[in-house]
2 protein chains.
Amino acid sequence: MDATPRWLTPEQKAAWDSFIRMQEKLVGRLSRRVQADSGMSASDYIVLVKLTEAGGRMRFMDLVKLVEWEKSRMSHQVGRMAKRGLVAKEECPDDGRGAFIVATPAGHEAIEDAAPVHVDHVRRLFIDALTQEDLAALARISNRVLAHMENQPD
Amino acid sequence: MDATPRWLTPEQKAAWDSFIRMQEKLVGRLSRRVQADSGMSASDYIVLVKLTEAGGRMRFMDLVKLVEWEKSRMSHQVGRMAKRGLVAKEECPDDGRGAFIVATPAGHEAIEDAAPVHVDHVRRLFIDALTQEDLAALARISNRVLAHMENQPD
DNA sequence: CTAAGGTAGGTGATGCGTCAACCAAAGCTC
DNA sequence: GAGCTTTGGTTGACGCATCACCTACCTTAG
């Protein structure tokens with residue numbers, strides 16, 4: 001009875017705390033940098049990256065799946081981005097409900113300017129801290145956790 | 001010239017992508033769970049954890065430093081938490097500007113109910129996916145990145 | 001052909017995070 | 001003790017994330 005202990009072991013807790021702290025600081029710093037450097041939010045950035053990587057023009061739902069967001073979040077996001085001129089929405093002739101999301105010239109330019117700067121920060125703050133083996137280990141661990149989560153409810 | 005390459009190597013990019021993806025999914029799932037299970041936001045949760053661990057009563061700025069947030073964020077946060085009855089604010093007799101933040105009985109109860117459930121989810125989604133060695137490696141890597149970031153501007 | 005159910009996408013309310021500006025009390029300095 | 005800086009903490013505006021719900025269109029069984 002009571003198979004799972006109530007708390008984590010000290011080593012587990014220490015590992016968890018370090019991971020969470022690192023991840024929060026790193027992601028926070030990077031998203032503040034992209035905002036300061038490019039005037040785009042981190043969400044703008046990632047949507048533009050994925051969209052332009054895929055040719056600069058996609059169906060809304062395909063974009064949702066690619067970025068792995070909820071459609072509501074994406075809808076709000078592209079709404080804001082359209083207002084800022086980074087993307088445009090086009091009707092879909094084949095499907096009356098559908099929409100194409102298209103990167104505007106301004107969107108292309110924004111991401112082409114922002115991407116190398118962002119990569120530099122990723123390298124400076126993260127990659128440079130680690131050896132090749134560290135990086136490989138982290139990739140393996142991340143994929144292991146991802147795979148594990150997929151078999152878990154909720 | 002041009003000492004740093006414009007992009008990451010394929011292995012670097014793969015590691016970075018896996019890490020970011022894992023971290024987003026994991027943190028997202030955990031914070032949705034704590035919200036669903038306890039009615040508290042993830043921010044409520046962590047503030048209450050740190051506050052009660054420290055005795056349930058602290059100076060505002062000490063709490064800010066403990067949680068490593070900006071004071072503005074904490075100010076908004078404790079404002080909301082006070083409105084929900086999780087904490088209360090008291091004046092500080094020694095320092096006319098100062099405030100004590102105190103966990104209410106409802107706050108104590110909320111965190112005592114929520115904490116074991118949250119830990120179970122952490123274990124289920126994360127700890128159980130990894131070996132002891134994985135966990136140790138991740139802790140080491142996280143601390144290495146944290147230490148590295150401290151020496152970096154911005 | 002039509003009704004039922006699924007899919008594409010949007011909306012509005014609410015809470016959260018950040019930024020910049022602000023204010024008042026507390027030292028500090030001459 | 002008058003002016004300066006620092007510290008402790010708040011505020012308001014704005015963009016972002018989530019939730020629940022909604023509409024329009026498409027698909028398919030009968």
Side-chain angles (χ1 to χ4, degrees), chain A residues 24-25 27-48 58-102 154, chain B residues 24-25 27-48 58-102 154:
Chain A
E24 265 173 20
K25 293 225 178 216
V27 172
R29 260 172 89 155
L30 283 172
S31 66
R32 254 169 277 123
R33 282 258 40 124
V34 70
Q35 175 84 28
D37 293 341
S38 70
M40 286 190 288
S41 72
S43 302
D44 293 343
Y45 179 85
I46 198 213
V47 167
L48 274 180
M58 308 182 70
R59 283 292 294 269
F60 178 84
M61 265 299 155
D62 294 338
L63 186 56
V64 164
K65 282 162 197 149
L66 188 63
V67 183
E68 300 184 279
W69 280 4
E70 291 183 20
K71 59 188 179 163
S72 157
R73 180 177 178 185
M74 186 63 78
S75 183
H76 285 298
Q77 182 67 34
V78 300
R80 287 185 301 257
M81 290 176 75
K83 201 169 298 179
R84 291 180 212 128
L86 296 171
V87 300
K89 288 188 251 188
E90 288 177 8
E91 291 186 15
C92 176
D94 304 6
D95 189 333
R97 311 160 289 184
F100 279 102
I101 311 300
V102 191
D154 244 87
Chain B
E24 265 173 19
K25 292 225 178 215
V27 171
R29 260 172 91 154
L30 283 172
S31 68
R32 256 171 274 122
R33 284 257 40 123
V34 70
Q35 175 85 27
D37 293 342
S38 69
M40 285 189 289
S41 73
S43 302
D44 294 343
Y45 179 86
I46 198 211
V47 168
L48 275 180
M58 309 182 68
R59 282 293 295 270
F60 178 86
M61 266 301 156
D62 293 339
L63 186 56
V64 165
K65 282 163 198 150
L66 188 61
V67 183
E68 301 185 277
W69 280 4
E70 291 182 20
K71 58 186 180 169
S72 155
R73 179 177 179 185
M74 185 63 78
S75 183
H76 285 298
Q77 182 66 32
V78 301
R80 289 184 300 256
M81 291 177 75
K83 201 170 298 179
R84 294 179 209 128
L86 296 171
V87 301
K89 288 188 249 187
E90 289 177 9
E91 292 187 13
C92 176
D94 305 7
D95 188 333
R97 311 160 289 185
F100 279 101
I101 311 299
V102 191
D154 244 80

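Throughout, a chain's letter reflects where its sequence line sits, starting with A, and its residues are numbered from 1.
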message = Strictly below 4.0 Å: does Lys71(B) bring a side-chain N or O up to OP1 or OP2 of dT7(D)?
response = no

remark   = Sorted by position of nearest nucleotide on DNA chain D, 5' first, the leading residue of Trp69(A) and Arg97(A) is Trp69(A)

request  = Could you tell me whether the side chain of Arg73(A) has a donor or acceptor atom within less than 3.5 Å of a complementary atom in the base of dT18(D)?
outcome  = no

ask   = Rounded to the nearest Å, what distance is computed from the CE atom of residue Met81(A) to the C1' atom of nucleotide dG15(D)?
value = 14 Å

message = Using a 4.0 Å heavy-atom cut-off, does Lys83(A) contact any base of the nucleic acid, only the sugar-phosphate backbone, or nothing at all?
response = nothing

query = NA contact type, Gln35(A), heavy-atom cut-off 4.0 Å: base, sugar-phosphate, or nothing?
reply = nothing

ask   = Is the base of dG12(C) touched by the side chain of His76(A) through a donor-acceptor pair closer than 3.5 angstrom?
value = yes

Closest listed nucleotide, where the reference is the side chain of Glu70(B) and the choices are dC26(D), dG8(D), dC19(C) = dC19(C)

key: Interatomic distance, Met61(B) CE vs dA25(C) C1' [rounded to whole Å]   = 14 Å

ask   = For the base of dT11(D), is there a side-chain donor-acceptor partner from Ser72(B) under 3.5 Å away?
value = yes

query = Rounding to a whole Å, what distance do you find between Met74(B):CE and dT10(D):P?
reply = 11 Å

query = Taking all non-hydrogen atoms of both residues, which atom of Val87(A) and which atom of Val78(A) are closest, and how far apart?
reply = CG2-O, 3.9 Å

key: Under 3.5 Å donor-acceptor, Ser31(A) side chain and Gly28(A) backbone   = yes

Asp154(B)/Arg29(A) salt bridge by N-O under 4.0 Å criterion = no

message = Would you say Gln77(B) and Arg80(B) are linked by a side-chain donor-acceptor pair, where the criterion is simply a distance under 3.5 Å?
response = yes

task = Tell me which nucleotide among dT6(D), dC16(C), dT10(D) gets nearest to the side chain of Arg80(B).
result = dC16(C)

task = Check the distance between dG15(C)'s C1' and Leu86(B)'s CG and give it to me in whole angstrom.
result = 14 Å

request  = Return the value, rounded to whole Å, for the distance between atom CZ of Arg33(B) and atom C1' of dC19(D).
outcome  = 16 Å

remark   = When rounded to whole Å, the CZ to P distance for the pair Arg84(B) and dG15(C) reads 7 Å

remark   = Ranking Asp94(A) and Arg59(B) by the position along DNA chain D of their nearest nucleotide, the one closer to 5' is Arg59(B)

inquiry  = So that I can tick it off, tell me whether Arg84(A) and Asp44(A) are bridged by a salt bridge, with the cut-off set at under 4.0 angstrom between side-chain N and carboxylate O.
reply    = yes

request  = Identify whether any heavy atom of Ser43(A) sits under 4.0 Å from a base atom; if not, whether one sits that close to sugar-phosphate; answer base, sugar-phosphate or nothing.
outcome  = sugar-phosphate

note = When rounded to whole Å, the CG to P distance for the pair Asp95(B) and dG9(D) reads 7 Å

request  = Taking only the side-chain heavy atoms of Ser75(B) (C-beta and beyond), determine which of dT11(D), dT18(C), dC16(C) contains the nearest atom.
outcome  = dT11(D)

request  = Measure the distance from CE on Met40(A) to P on dC16(D) and round it to the nearest whole Å.
outcome  = 12 Å

